[in-house]
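Given the structure is predicted, the values throughout are model-derived calculations rather than measurements.
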Amino acid sequence: MKLPVNLLLVEDNPDHAALVITELKKHPALYEIETTTSGKECLKRVLGKKFDTVLLDYSLPQMNGLQIIDKMNENGCETPVILMIEEGVEEIAMEAMKKGVYDHVIKTVGYLNNLSVIISIAIEKRKMAKEKQKLEVELKKLSITDDLSGLFNRRHFYDKLEEEMVRAKRQKLPLSLLLLDIDGFKAYNDQYGHLKGDELITGIGRIITRHIREKVDSGFRYGGDEFTATL
């Protein structure tokens, strides 16, 4: 079952708002449409609820579309915005695109016919952007993580240590560095095999993770059977 599109329509002209709603209701896509006539109310809505997209008229009283977009950006709102502008003011659309608007429509004869398609494309672009962000985060995590222990790797250790030293100096707080290794690890590996050695590394990683403070301390596999933690 296809989920409905949660859309916020920001339009102070009731006739235009009615035309938009009527047109969108014709399409197979299910729309759950909320409306408002002011920029202030628009900001309150988008910052308090998740919408799939915002259909925003540029010409609004007290606060125009670009000013609303600026406020959304200042508050970290990532909801896709489609700006509706009058014919002959395309420079506004260019400025809006620079501010991160996903698309725009010009209010000319028949402009409503393609509105549902434009909304769908904007939502899909946002979905792809989120997937890209997620992939980038995962790739970064992989690049700084030791796959056996689950701890940070040696390369990240030096970056994190420098960061922690700067922080400790700035806040005038002590910084502790714990160094440890596994006694007799080579002999253990030779006797029981590398798979058992890998299991031991994994177990040590879990122990370190369990005994350091989450989001405060950091644990690292420095190399081989050597581990370290910043506390």
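Residues Ile207 and Arg210 form a side-chain contact, since some pair of their non-hydrogen atoms from C-beta on lies under 4.5 Å apart. Between Lys160 and Ile144, every side-chain heavy-atom pair lies at or beyond the 4.5 Å cut-off. Side-chain contact between Ile201 and Ile182 is present, with at least one heavy-atom pair separated by less than 4.5 Å. Taking the side chain as every heavy atom from C-beta outward, Leu56 and Val101 never approach each other to under 4.5 Å. Using a 4.5 Å heavy-atom cutoff, the side chains of Lys71 and Cys42 are not in contact.
Between Phe220 and His156, the ring planes lie tilted relative to each other; the angle falls in the 30° to 60° range.
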Mind running salt bridge (Lys or Arg N to Asp or Glu O under 4.0 Å) on Asp57 and Lys107 for me, showing each step along the way? CA-CA 10 Å; Asp57 186 40; Lys107 292 182 177 179; 2.9 Å; yes
Would you sort out whether Asp70 and Lys99 count as a side-chain contact (heavy atoms from CB on, under 4.5 Å), showing the intermediate values? CA-CA 7 Å; Asp70 282 338; Lys99 295 177 183 292; 2.9 Å; yes
Criterion salt bridge (Lys or Arg N to Asp or Glu O under 4.0 Å) on Glu163 and Arg167, from CA distance to verdict: CA-CA 6 Å; Glu163 177 185 315; Arg167 183 177 64 86; over 6 Å; no
Please assess Arg155 against Ser143 for the test side-chain contact (heavy atoms from CB on, under 4.5 Å), listing each intermediate value before the final yes or no. CA-CA 9 Å; Arg155 180 174 63 179; Ser143 72; 3.4 Å; yes
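Counting side-chain heavy-atom gaps under 4.5 Å among Ile, Leu, Val, Met, Phe, Trp and Tyr, the cluster of Leu139 also holds Leu135. Through side-chain heavy atoms spaced under 4.5 Å, either directly or across other Ile, Leu, Val, Met, Phe, Trp or Tyr residues, Leu115 is tied to Val5, Leu7, Leu9, Leu19, Val20, Ile21, Leu24, Tyr31, Ile33, Leu55, Ile82, Met84, Val105, Tyr111, Leu112, Ile118, Ile119, Ile123.
Sorted by first and then second residue, the side chain to side chain donor-acceptor pair (under 3.5 Å) pairs involving residues 172-189 (not counting sequence neighbours) are Lys186-Asp190.
The neighbour count for Glu162 CD, taken as heavy atoms of other residues, nucleotides or ligands under 6.0 Å away, does not exceed 12. No more than 12 heavy atoms of other residues, nucleotides or ligands shown are found within 6.0 angstrom of NZ on Lys196. Within a 6.0 Å radius of CD in Glu136, other residues, nucleotides and ligands contribute more than 12 heavy atoms. Around CD of Gln62, the count of heavy atoms belonging to other residues, nucleotides or ligands within 6.0 Å does not exceed 12. Applying the 6.0 Å contact sphere to CE of Met165 captures no more than 12 heavy atoms from other residues, nucleotides or ligands.
Contact detail for Leu47 and Cys77: the closest heavy-atom pair is CD2-CB, 4.0 Å. Across all non-hydrogen atoms, the minimal contact from Asp217 to Leu231 is OD1-CA, 3.4 Å. Scanning all heavy atoms of the two residues, the minimum distance from Phe227 to Ser149 falls at CE2-CB, 4.3 Å. Between Ser59 and Asp12 the shortest heavy-atom distance is O-OD1, 3.3 Å. Considering all non-hydrogen atoms of both residues, Glu87 and Ile106 come closest at CA-CG2, 3.6 Å. Scanning both residues, Glu91 and Gly88, for their nearest heavy atoms gives OE1-O, 4.0 Å.
Phe152 and Tyr158 fall within a single hydrophobic cluster, where Ile, Leu, Val, Met, Phe, Trp and Tyr side chains are chained together by heavy-atom contacts under 4.5 Å. Residues Met72 and Leu8 fall within the same hydrophobic cluster, defined by Ile, Leu, Val, Met, Phe, Trp and Tyr side chains chained together at heavy-atom separations under 4.5 Å.
In this structure a side-chain-to-backbone donor-acceptor pair under 3.5 Å is present from Arg221 to Gly224. Not one N or O on the side chain of Asn6 forms a donor-acceptor pair closer than 3.5 Å with the backbone of Lys50. No donor-acceptor distance shorter than 3.5 angstrom exists from the side chain of Thr230 to the backbone of Leu161, with no hydrogens or angles considered.
Screening Gln133, Lys127, Lys134 against Glu131 for a side chain to side chain contact (heavy atoms under 4.5 Å, CB included) leaves a single residue, Lys127.
Looking at Lys130 and Glu78, no side-chain N of the basic residue comes within less than 4.0 Å of a carboxylate O on the acidic one, giving no salt bridge.
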